[in-house]
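Computed from a prediction, not measured in an experiment: that's the story for all the values here. Scope of the values below: all heavy atoms of this structure, side chains included, with no hydrogens, waters or symmetry mates.
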Amino acid sequence: ERQLDPADLVIADHERPVALAGVMGGADSEVTDGTVNILLESAWFNPVVIRKGARRHGMHTEASHRFERGVDPETVRLAADRCAQLIARLAGGSVDRGAVVVGDGPRARTPVVLRIARVEKWLGVSVSAAEAKKHLLAIGCKVHRAGKELHVQPPTWRHDIEQEVDLIEEIARLHGYDHIPSGSSATPLAQVPATLQQPESIVREWMRDAGFNELVTYSFTAPALLRTLGFTDERANPIALDKPLTSEQSVMRTSLAPSLLEAVMTNTRRGNSPLRLFDVSRVFLPGNPHTEPLYAGACVFGAWDESFWAGKGRDADFYDLKGVLEGLLSRFGAEVTWKRSGEPFLHPGMSADVLVDGRRAGWIGVFHPRVLRELDLPAGVAFEIDLDALGVRATKAIQAPSRFPAVTRDVAFLVDRSVLHADIEAALRAAAPATLEALSLFDVYEGESLGGRKNLAYHLRFQSVERTLVDDEVDAAVEAMVASVKERCGGELRA
């Protein structure tokens, strides 16, 4: 029993449906060993209607595979006559005269105009009108010549011939690809400024250069996978599909993380490792109206530096992927800061939110052990960036290095364990002069001897493009920066 939809097409007698048209017949009208009289029904069905009906009921039959791909409408009567002939010959039946015809016959197809000059332009080889006509007649077309054009009526069984380019493709095939000369384009290629490049192109170029493989994924995902990730915001309420293909693809994804993890699960089950994958696709966030931002995501599972002579090598960690992400963000000209992430599916001590102009634009981190355990996956690290929020900015101009020597200083601070590196860096930069050329954290220490505090050491590099700096002005700058850390973060300079 099937619950019919108003859009379903059926074959019916005067009382009830007896078959789902082009898909499957009913049990009470099938042919059995006791069948004596048969009514033959032959028809042409709209391929779209059959395809949707078969998908709607989950019935993909031999009939639906044929009808949804399109059959020749001219053979409907011929097929019925041939079937009746075979029944009479092989089963000893007798055929009643006549047939009941319902509906209009197939409409004549509109002729396709072929310009002979266009054939040479596309193929790069001269093909005469007579030769083109000969090739098209060979595949069953009706051809009428009108000056430098051919008006071509494709045969009813060639549904794929709809445009001029389709005819040119047939001529190329029958003329012989080996008779078409090869050549190269003489069109000059101009470099496209970064601000005119599409964000997808920038991501794909950078990630491929970094050794990642691109994924092409579905926009649907499984509700169970979203629950495993533990979303607590709008991402936990995805848009549900009215008629999903499968229960595992019944909602629209609200993040690229499910797509990345599904690809990793599929590959690890087949023994493919290590994995470096990325995806550039849209996600679907619920709302009124819903939004479809463009995201970029990537993940690494397994060894980072695997080689034949080095063996397995070490597994990828947070900083490996962070370096890739920093390089990608620099291509967009973005000023980026980092903040501890609260994503429930990431390790709380090895994850961060990505901030661009002070606004959250994504996340990066190691997957939480709970998620890996539930999905039976090895350790992995991933990131996700909202490209719509990121935008493409003008990249910084290249500047020649200073010819004057740099002055370096190292400073270390004792701070409470709750103080973040980002807070200290912000305090240092707030009081830094224009000559601060670089600032980097090079050591973190937490031990029992420090009680509830930790030690963070920074390397400061000062340099001017105009003159040589003197020690007094550098010392004064460092004192101001240390005072800023003490005031903002309660940091104590460690001797």
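Annotation for Arg66: atom CZ does not count as buried by contact number, only 12 or fewer foreign heavy atoms lying within 6.0 Å.
Residue pairs that meet the side-chain hydrogen bond (donor to acceptor under 3.5 Å, both in side chains) test with at least one member in residues 217-226, sequence neighbours left out, are Thr217-Arg253, Thr217-Asp279, Thr221-Glu262. Among residues at least two apart or in separate chains, there is no ring-ring contact (aromatic ring centres under 6.0 Å, His included) pair with a member in residues 250-281. Note on residues 363-372: pairs passing salt bridge (Lys or Arg N to Asp or Glu O under 4.0 Å), not counting sequence neighbours, are Arg370-Glu374. The side-chain hydrogen bond (donor to acceptor under 3.5 Å, both in side chains) contacts involving residues 286-298 comprise His290-Glu292, where partners must be two or more places apart or lie in separate chains. A ring-ring contact (aromatic ring centres under 6.0 Å, His included) check over residues 412-431, counting only residues at least two apart or in different chains, returns the pairs His421-Tyr458.
Shown here are the side-chain contact (heavy atoms from CB on, under 4.5 Å) partners of His459, two or more places apart in sequence or in another chain: Thr408, Asp410, Ser440, Phe442. Residues meeting the side-chain contact (heavy atoms from CB on, under 4.5 Å) test with Pro348, sequence neighbours left out: His368. Glu473 meets the side-chain contact (heavy atoms from CB on, under 4.5 Å) test with Arg467, Leu469, Val470; sequence neighbours excluded. Annotation: side-chain contact (heavy atoms from CB on, under 4.5 Å) contacts of Leu420 (sequence neighbours excluded): Arg340, Asp423. In this structure Phe220 satisfies the ring pair (Phe, Tyr, Trp, His ring centres under 6.0 Å) test with no other residue, sequence neighbours excluded. With sequence neighbours left out, the ring pair (Phe, Tyr, Trp, His ring centres under 6.0 Å) criterion links Trp206 to no other residue.
At least one cation-pi condition fails for Lys339 and Trp363: the charged atom is not both under 6.0 angstrom from the six-membered ring centre and inside a 45 degree cone around its axis.
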Using atom types as modelled, flag every donor-acceptor pair under 3.5 Å from a side chain in residues 226-235 to any protein atom, sequence neighbours excluded.
unit_1: Thr228; atom_1: OG1; unit_2: Ala224; atom_2: O; d: 3.0
unit_1: Asp233; atom_1: OD1; unit_2: Arg235; atom_2: N; d: 3.1
unit_1: Asp233; atom_1: OD1; unit_2: Arg235; atom_2: NE; d: 3.0
unit_1: Asp233; atom_1: OD2; unit_2: Arg235; atom_2: NE; d: 3.1
unit_1: Asp233; atom_1: OD2; unit_2: Arg235; atom_2: NH2; d: 3.0
unit_1: Arg235; atom_1: NH1; unit_2: Glu343; atom_2: OE2; d: 3.2
unit_1: Arg235; atom_1: NH2; unit_2: Glu343; atom_2: OE1; d: 2.9
unit_1: Arg235; atom_1: NH2; unit_2: Glu343; atom_2: OE2; d: 3.2

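A donor and an acceptor atom, one from each side chain of Asp5 and His57, are nowhere located under 3.5 Å apart.
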